[in-house]
Amino acid sequence: MKLTDLVRPNILTLKPYSSARDEFHGEASVFLDANENPLNNPYNRYPDPLQRALKQRVAAIKGVSADQLFFGNGSDEPIDLVFRIFCNPGVDNVVAIDPTYGMYKVCADINDVTYKTVHLNPDFSLDASRLLAATDEQTKVIFLCSPNNPTGNDLDTQAVKQVLDTFGGITVIDEAYVDFADRPSYLKVLDQYPNLIVLQTFSKAWGMASVRLGMAFANPAIIRFFNTVKYPYNINLLTQRFVSEALEQANQTRQWVAMLVAERAVIAKELARLPLIKQIYPSDANFVLVKVDDPNAVYAYLVDKGIVVRNRHTVTLCQGCLRITVGTPEENKQLLDALAAYA
Ligand SMILES: *Cc1c(COP(=O)(O)O)cnc(C)c1O
């Protein structure tokens with residue numbers, strides 16, 4: 001489907017807010033255009049609404065062009081914008097895998113958009129044909145998350161390709177955990193799929209969840225809609241500068257990822273020896289999902305030891321499951337020692 005058939009009519013014709021920073025950029029020395037306080041440099045000034053400097057640098061690292069990149073206040077902002085740009089409230093629907101990340105449904109509910117789910121197979125693999133069969137004329141978006149949260153597995157690339165090749169609407173692939181998987185990002189095929197949106201984040205591998213910077217990658221026509229609908233100054237100056245400097249430590253990030261992936265294997269191996277653990281699901285992310293007989297009791301026991309994991313017992317297909325984030329070697333040892341002592 002053409003982009004103009006997918007975008008909500010009111011968004012297609014939207015005249016976006018034009019800020020002082022939008023209307024003038026160029027060389028000047030006296031800025032009397034934005035009602036800023038002239039003192040307290042540099043915090044007195046509104047930040048670049050399009051984060052051009054940071055975008056150039058991140059785009060180079062990711063191997064895309066800057067006009068294929070949108071920055072949001074975390075990934076949650078582009079997730080919400082997808083609904084606001086493409087889905088007519090009370091009319092359109094989206095289809096998502098289940099279980100998956102909870103924000104897609106929350107954003108659908110906030111925007112009054114029907115959220116249809118298709119269960120993953122019991123081994124958490126994706127049945128693309130079943131997913132596609134759940135779409136209809138009013139389905140604007142399919143949400144995939146790979147590696148998936150909370151299951152930890154990467155979705156089969158052939159199944160994802162089937163969705164991309166078949167579905168006429170927008171496909172979102174959330175790659176928050178892609179750095180921990182051993183396949184290349186779907187950014188590699190961004191140029192082949194004009195309706196593909198890939199989400200990544202600085203919150204996980206880069207270790208910067210507190211700064212709130214998420215990325216959406218898509219063809220420039222989609223990125224333009226993101227830019228017209230977002231709040232004018234959605235990324236503050238502190239975040240833009242901090243991340244710009246942190247990009248220097250890309251090597252550090254690679255080392256962190258290598259350490260966490262190695263620790264993930266250690267945890268999986270050690271957990272497998274504990275009778276308490278009934279099943280460990282394979283993980284391509286920085287966490288493992290495990291099944292136990294009495295998840296509520298194990299959860300409470302760990303909290304009593306000062307260790308918090310995520311209880312996913314009530315989530316679709318995850319009965320009995322706890323989700324355990326990979327920590328430092330010392331933290332992981334504490335977890336394993338505590339579980340070994342569980343009576
Ligand atoms: C953690 C996570 C994110 C990251 O969200 P931010 O808002 O960027 O911190 C996105 N998607 C999934 C599936 C996640 O688990």
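Whatever order the structure lists them in is the order used to number ligands and atoms, beginning at 1. Model, not experiment: these values are computed from the prediction.
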Is a salt bridge present between Lys55 and Asp67, judged by a nitrogen-to-oxygen distance below 4.0 Å?
no

Return the protein residues near ligand 1 (heavy atom under 4.0 Å from any of its atoms), ordered by chain and residue number.
Gly74, Ser75, Asp76, Tyr101, Cys145, Asn149, Asp174, Ala176, Tyr177, Thr201, Ser203, Lys204, Arg212

Glu248 with Arg57: basic N within carboxylate O range, under 4.0 Å:
yes

With the side chain counted from C-beta on, respond yes when Lys161 and Tyr193 share a heavy-atom pair under 4.5 Å apart, and no when they do not.
yes

Classify the side-chain pair Asp174/Gln200 by whether it contains a donor and acceptor separated by less than 3.5 Å.
no

One thing to verify: whether Asp154 and Arg183 come together as a salt bridge, which I'm taking to mean a side-chain N less than 4.0 angstrom from a carboxylate O.
yes

Tell me whether Asp48 is salt-bridged to Arg21, with the criterion being a basic N under 4.0 Å from an acidic carboxylate O.
no

